[in-house]
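Everything on this sheet refers to the single structure shown next.
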Amino acid sequence: MIMDHFLMLMGSTNQDEDDAIIRVAATSVLAAGFAIIIAYEHESRIPREPYVNKDQEREFYINSILNGSDVHCVGRIRMSKHAFYELCNALRRNSFLCTVKDMFVQEQMLIFLEIVDYNERFRKIGVHFYRSIESIHRYFHNVLQAALKLYPILIKSPDGTIQPEIMNNHRYYPWFTDCISWICT
């Protein structure tokens, strides 16, 4: 109704021309609105970092240590792969440490050894293993408690006897006589 009144004021008499002008104007308004919406959405998006599969990256890091060469393993955790697996098995066998949620005993031990061996901060270890600082802290203390429980099993207190290879060897015995009696008393 208003549009008809507007067109009459402009002096247009042809209805087809009027409809074409209206269609062109409506299309222009819609196109401009659509362009504004797209520009607004593009500006309001926060650029995101590329997606990192944390589980896959964690497994790759662990495997690079445990499945690499023995030299690399000793360089990272200061222990051979065989000794590492024996330690993990001893902790698991005595029920001092077990797999929890999504963290295996091997990963818990690697976290502990990297912190102890290199005096690394929890934050840096968390970056390596894609874990939170709270998780690193919790599992570090779990492994520490397990290692302390394993101590009486691995380390025997002296019973006062001198090993025959020391006692019967004149090169070693003079050096250990006072030490052994002092330790045993």
**Asked** Would you say the side-chain atoms of S135 pair up with the backbone N or O of R131, donor to acceptor, closer than 3.5 Å?
**Response** no

**Message:** Taking the ring centre of each residue, are F112 and Y139 less than 6.0 Å apart?
**Reply:** no

**Prompt:** With distance as the sole test, does N142 use its side chain to make a donor-acceptor pair with the main-chain N or O of L97 at under 3.5 Å?
**Reply:** no

**Asked** Do E107 and R58 have side-chain heavy atoms sitting under 4.5 Å apart?
**Response** yes

**Message:** Tell me whether E114 is salt-bridged to K124, with the criterion being a basic N under 4.0 Å from an acidic carboxylate O.
**Reply:** no

**Item:** Verdict with reasoning, L66 to L110, per side chain to side chain contact (heavy atoms under 4.5 Å, CB included)
**Value:** CA-CA 9 Å; L66 297 180; L110 283 174; 4.1 Å; yes

**Request:** With side chain to side chain contact (heavy atoms under 4.5 Å, CB included) as the test, would you mind laying out the steps for I111 and M103 before giving the verdict?
**Result:** CA-CA 11 Å; I111 288 170; M103 191 178 290; 4.1 Å; yes

**Request:** Find out whether F129 and I62 are in side-chain contact, i.e. whether some heavy atom of one side chain is under 4.5 Å from a heavy atom of the other.
**Result:** yes

**Request:** Give the C-alpha distance, both sets of side-chain angles, the deciding distance and a yes or no for side chain to side chain contact (heavy atoms under 4.5 Å, CB included) between F96 and V143.
**Result:** CA-CA 8 Å; F96 296 143; V143 174; over 6 Å; no

**Request:** Could you walk me through whether Y130 and D55 pass side chain to side chain contact (heavy atoms under 4.5 Å, CB included), step by step?
**Result:** CA-CA 8 Å; Y130 291 93; D55 295 332; over 6 Å; no

**Request:** Please confirm whether the backbone N or O of C98 pairs with a side-chain atom of R92, one donor and one acceptor, at under 3.5 Å?
**Result:** no

**Prompt:** Should the pair F122 and F140 be assigned to parallel (<30°), tilted (30 to 60°) or perpendicular (>60°) ring geometry?
**Reply:** tilted

**Request:** Flag this pair as yes if the NZ/CZ of R78 is under 6.0 angstrom from the six-membered ring centre of Y118 and inside a 45 degree cone about the axis; otherwise no.
**Result:** yes

